[in-house]
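Next up is a structure, given as structure tokens.
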Number of protein chains: 2
Amino acid sequence: MCAKLASSKDPNRLPLHGLAVFESVARNGSMSSAAKALGLTQPAVSQALKKLEQQLEVNLVMRHRNGIELTKAGQELFMSCVQSFDQLLNTINAIRQPKSGQQEVTLSLSTATATYWLLPTIAEFYQQFPNILVNIISRDNDSNLKSGNYDLAIPLSAQPFSQQDFHIWPLLDEVVFPVCSPNLLEHHNLTTSNINIEGLQQLPLIHLENNPEARISWHAWVQASNQKPQLSLIEEEVPAHFMHGQTYSDYFVALSAAIAGQGVALGWQHIVKDLLQDQRLVRLGNQQWRSDHPFTLIAPRRKALTPAVMALRDWLLT
Amino acid sequence: MCAKLASSKDPNRLPLHGLAVFESVARNGSMSSAAKALGLTQPAVSQALKKLEQQLEVNLVMRHRNGIELTKAGQELFMSCVQSFDQLLNTINAIRQPKSGQQEVTLSLSTATATYWLLPTIAEFYQQFPNILVNIISRDNDSNLKSGNYDLAIPLSAQPFSQQDFHIWPLLDEVVFPVCSPNLLEHHNLTTSNINIEGLQQLPLIHLENNPEARISWHAWVQASNQKPQLSLIEEEVPAHFMHGQTYSDYFVALSAAIAGQGVALGWQHIVKDLLQDQRLVRLGNQQWRSDHPFTLIAPRRKALTPAVMALRDWLLT
DNA sequence: TCTTTATATAAGTTAAAGTTATATAAATAA
DNA sequence: TTATTTATATAACTTTAACTTATATAAAGA
């Protein structure tokens, strides 16, 4: 009954609920699957998304028969949501104090590795060790691995960590190949097999921001491919097409763009494995590049190797 | 009536509503003023905050007679909230298309300058130019000023921008002095006046992350102070105390820490002016340092100087 | 033509969030 | 001392945003 101030129409008030729903829709590629992921019904998601678009006065998704596609604005907003929510989740995990009696391990890895490689199987670990809590901290770069507060980490970069300061165990071979959404190929009337360097030049490419730590780049991939005789290109030059395209600073965001049909990304085998299986991505051609810098699991020597840490380490290494 | 899945107790579901309330409480320094800022009543805020603390199982604030104080966990969470919500707000502003008939200017400045210098007076501008919409984009560093999409900006760094690519107008002198919360002084039984370099060594210091762009650092401040004869220290050495303390990468977050009583920060006069007036901060000593790199307003020449842009420029420069 | 699989809309329900009223506790003023 | 002010907390009731069920629409495939 009381006169409301500028509370609900305040432009600086974030529509957080709507953003959370939108993030799930964008991540899952459809409203129905987002609803399942959120534990809601499909109409709830449809309504929340519609409301958000009305509040922002921007079209965020294009509705298709087989799901949704993000508009340009939707893509930008999705990137922001992923990064913002990730940061909040990380911080909450970091400040949450463990329940007494509960053992704890903190594992630091990239958002993409966490989402697509670890999370699908972590339930097994919890089943095997119900009294160990795994604290997952995701990050975009390795800058805080020198000082950060964690027990185990999977560094993104290939730069070696000193044996003096870290325990180091080899974890996974680095195997890379191009991937994209099945829809993208359809639009361009191409098929997955026999896509070589020339074929790739007909498709938009998705790049990772060119930081020195990055393992993966289209430039390096073309150069590596050229050393194989069966490819038709002259060795020395990388075509200009491989230098242009959308660039993201986070691999998870780049992969999300690929899933959304924005272009072709370079995929690490262990990360895209599940995405290939459920057809959210397809592999292009049969070329693959295996680097000589395997992914490693590291543990800072300044932290104790508690039984919980060792249990997770052994589970990861099997 | 339907059986609920793991919807509400999902640990990966962010309590966004609670976080928004908490952010406002932390920013405003008390629940009552947060309630006012949010357009809610005090019990609503009290309940929301209590619920959040129960959900996270962490104490975020200490309740005092004169407001609240953040715990260590609360500080960390506040930083994350500020950064995350800021990023979302920026993106939303960026993707929002202007209403037809409405003129628009995009202004890029630091979060602290936006919050404490611009926002308190921007209403005047809107009153004078009701048909111009000012799109405020806040940022922590100048890295995207070379390429970003904005009409006007106030660079953080003192590095000169090229006259070829930018219009440049001098805006504000850079005047710096130490500030802290009145409570901090009380706890240490000190008074505001006559705090010199020795006095500062009894108080915790708040630093800005040492990026090359930073204008402001305790190290530089001590060195500058030492050149003034009335200070008692021998010229050459900066005491070790000025090299240690909490370090933040964002000036807004550093200032928030100072307001929360965490320590002494270096304050730019134009930014802390209002905070001194309403006693959220007090100035220590009467030393001040005026640099010879005034803050400037810049406009990229690649963007047109529309009437709306010129109106905002002229209003800022008066 | 009949499923299947998307999203949209309408109408009723529920639970989270908010309000009012009151309590507690500390500091301040009379 | 006793009132006043200013802060947070709690109890009980109210509102409304969010959610559900039911149904519609539209396209693709069997």
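Here is how names work: the chains are called A, B, and so on, in the same order as the sequence lines, proteins then strands, and each is numbered from 1.
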With a 3.5 Å cut-off and just heavy-atom distances, do the side chain of A:Q47 and the base of D:dT20 make a donor-acceptor pair? yes

Starting at CD of A:Q55 and ending at P of D:dA17, how long is that distance when rounded to a whole Å?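 One finds 10 Å between P of D:dA17 and CD of A:Q55, rounded.
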
Verify the contact: side-chain N or O of B:T41 to OP1 or OP2 of C:dG18, cut-off strictly under 4.0 Å; return yes or no. no

Rounded to whole Å, the NE2-P distance (B:H17 to C:dA15) equals 18 Å

Among B:F252, B:F177, B:Y251, ring-ring contact (aromatic ring centres under 6.0 Å, His included) partner for B:W268: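 Exactly one pass, corresponding to B:Y251.
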
Nearest heavy-atom neighbours spanning B:G18 and B:L52: O-CD2, 3.6 Å

For DNA chain C, whose closest nucleotide is more 5', that of A:S32 or that of B:V45?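 Residue closer to the 5' terminus by nearest nucleotide: A:S32.
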
So, OP1 or OP2 of C:dA16: does either fall under 4.0 Å of a side-chain N or O from B:K51? no

Give a yes/no answer on whether the side chain of B:R63 brings an N or O atom under 4.0 Å of OP1 or OP2 in D:dA9. yes

B:T115 (side chain) donor-acceptor with B:A112 (main chain) under 3.5 angstrom: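 Answer holds: no.
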
Please report the distance, rounded to the nearest Å, between CG in B:L16 and P in C:dA16. 15 Å

Just the rounded figure in Å: distance from C1' of D:dT8 to CG of B:N28.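 Distance check: B:N28 CG to D:dT8 C1' gives 16 Å.
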
Between B:M62 (CE) and C:dA26 (C1'), how many Å, whole number? 18 Å

Could you check whether A:T111 and A:D86, counting side-chain N and O atoms only, form a donor-acceptor pair closer than 3.5 Å?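 The criterion, which ignores hydrogens and geometry beyond distance, is satisfied for A:T111 and A:D86.
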
State whether a side-chain donor-acceptor pair under 3.5 Å links A:E76 with B:T91.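 B:T91 and A:E76 do not have a side-chain donor-acceptor pair below 3.5 Å.
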
Distance check needed: D:dT14 C1' versus B:L40 CG, whole Å only. 15 Å

Is A:Q42 side chain donor-acceptor paired with the C:dA8 base, going by distance under 3.5 Å alone? yes

Looking at the side chain of B:P43, which of C:dA21, C:dT7, D:dT8 is the nearest nucleotide?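 Selected nucleotide (nearest to the side chain): C:dA21.
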
Take atom CG of B:L38 and atom C1' of C:dA17, then tell me their distance rounded to the nearest Å. 13 Å

Is B:S46 near enough to D:dT8 that one of its side-chain N or O atoms lies under 4.0 angstrom from OP1 or OP2? no

A:S30 side-chain proximity, nearest of D:dT8, C:dA6, C:dT9: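 For A:S30, the side-chain atoms sit closest to C:dA6.
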
Counting only side-chain heavy atoms from C-beta out, which of C:dT20, D:dT21, C:dT9 sits nearest to A:K50? C:dT9

Candidate nucleotides D:dA9, C:dG18, D:dT20, ranked by approach to the side chain of B:M31 - the nearest: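 Of D:dA9, C:dG18, D:dT20, D:dA9 is nearest to the side chain of B:M31.
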
Rounded to the nearest Å, what distance is computed from the CZ atom of residue B:R13 to the P atom of nucleotide D:dA18? 13 Å

